[in-house]
Every structure is written in structure tokens, then in C-alpha cells.
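One-based numbering, in listed order, for ligands and for the atoms of each.
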Amino acid sequence: MKSFDDLFVELEDKARTRPEGSGTVRQLDAGVHAIGKKIVEEAAEVWMAAEYQSDAETAEEISQLIYHLQVLMLAKGLTPADVYRHL
Ligand SMILES: N=c1c2ncn([C@@H]3O[C@H](COP(=O)(O)OP(=O)(O)OP(=O)(O)O)[C@@H](O)[C@H]3O)c2ncn1[C@@H]1O[C@H](COP(=O)(O)O)[C@@H](O)[C@H]1O
């Protein structure tokens, strides 16, 4: 099972090697404004799933929100350590 840190390492590698077909590379190229909009969209989907859908669907939406937050972290040059120090 993939953890937050495992996914971040994978996404860092995608950003560095820029493989063909990577959605992460596409998002990074779209920029902070586009990534931010995606985060707002995913956050709304988490909220709606929590109110009206199953726990499994809510967990899936949360995973997508985490993914897009990590893409934003990469776009801004932030690392998990930068976030963890505030927890
Ligand atoms: N965990 C994720 C992940 N979660 C969410 N997403 C993206 O977020 C989208 C989910 O959004 P929605 O459900 O709202 O679907 P959608 O509106 O149709 O999506 P889009 O049209 O905006 O693409 C998916 O289509 C993916 O593009 C993810 N994309 C990639 N990953 C993982 O990231 C890694 C790198 O992926 P690539 O860069 O694509 O190789 C791999 O391990 C992937 O499993």
C-alpha cells in the first residue's frame, strides 16, 4: 500500500523525468492556478462524498485531494517536511 511519502517520491520522479503520458507532468505544466482550481474541485467532491456517498467513495475522493495537494507542493518546491513541521 502506498503512503503519502511514497506517492510524493513517485511524483518527484515524474516531475524530474517527465515521462510521456504523465498526468502529473501535465498538471505541473498547467501551473499553480490550474492546480489550485483542481484542489478546490476535489475538496468539494470530498465534502459531497462525506455527506451523500459511501465511506469507500469518500476515502477515494480524499486520496485524489491528497494527490492534487502533492502536485501543488511540487509546483511550489515544497516537501513533506515543510508541511509536517506545522502538524
Ligand atoms: N493518485 C493519483 C491520482 N489521484 C487523482 N488523480 C488525477 O485526478 C483525476 C481525478 O479527478 P476526477 O475524479 O475529478 O476526474 P476528472 O474530472 O475526469 O479528471 P480530469 O478530467 O481533471 O483528469 C484523475 O483523472 C487523475 O488525473 C491522480 N493521478 C495520479 N495519481 C497517481 O500518481 C502517480 C503518477 O501518475 P502519472 O503522473 O499520471 O503517471 C500514479 O501512481 C498515479 O496512481
**Asked** Using a distance-only test with no angle check, is there a side-chain donor-acceptor pair under 3.5 angstrom linking Thr58 and Asp55?
**Response** no
**Asked** With a 3.5 Å cut-off and no angle check, do the side chains of Tyr84 and Thr79 form a donor-acceptor pair?
**Response** no
Under 4.0 Å from any heavy atom of [X], which atoms of ligand 1 are there?
| X | result |
| --- | --- |
| Lys2 | 42 (O) |
| Lys14 | 35 (C), 38 (O), 40 (O) |
| Leu11 | 33 (O), 34 (C), 35 (C) |
| Glu45 | 14 (O) |
| Glu42 | 10 (C), 11 (O), 12 (P), 14 (O) |
| Glu41 | 14 (O), 17 (O) |

Answer with yes or no whether the hydrophobic clustering places [X] together with [Y]; edges join I, L, V, M, F, W, Y residues whose side-chain heavy atoms lie under 4.5 Å apart.
| X | Y | value |
| --- | --- | --- |
| Leu28 | Ile39 | yes |
| Phe8 | Leu87 | yes |
| Leu78 | Leu72 | yes |

How far is [atom] from its nearest protein heavy atom, and which residue and atom name does that atom have?
| atom | value |
| --- | --- |
| atom 3 (C) of ligand 1 | Tyr67 CG, 3.3 Å |
| atom 36 (O) of ligand 1 | Thr24 OG1, 3.7 Å |
| atom 34 (C) of ligand 1 | Glu10 OE2, 3.3 Å |
| atom 16 (P) of ligand 1 | Lys38 NZ, 4.1 Å |
| atom 13 (O) of ligand 1 | Gln64 OE1, 3.2 Å |
| atom 39 (O) of ligand 1 | Gly23 N, 2.9 Å |
| atom 8 (O) of ligand 1 | His68 NE2, 2.9 Å |

**Message:** Using only atom types and a distance under 3.5 Å, with no angle test, would you say the side chain of Thr17 pairs donor to acceptor with the backbone of Asp13?
**Reply:** yes
Which heavy atom of [X] sits nearest a heavy atom of [Y], and at what distance?
| X | Y | value |
| --- | --- | --- |
| Asp5 | Pro80 | OD1-CB, 3.7 Å |
| Pro19 | Val25 | CD-CG2, 4.3 Å |
| His68 | Ile35 | O-CG2, 3.8 Å |

**Message:** Using a 3.5 Å cut-off on N or O atoms only, is Ser22 in polar contact with ligand 1?
**Reply:** yes
Distance below 4.0 Å between [atom] and any protein heavy atom?
| atom | value |
| --- | --- |
| atom 27 (O) of ligand 1 | no |
| atom 24 (C) of ligand 1 | no |
| atom 21 (O) of ligand 1 | no |

**Prompt:** Salt bridge between Arg26 and Asp29, side-chain N to carboxylate O under 4.0 Å?
**Reply:** no
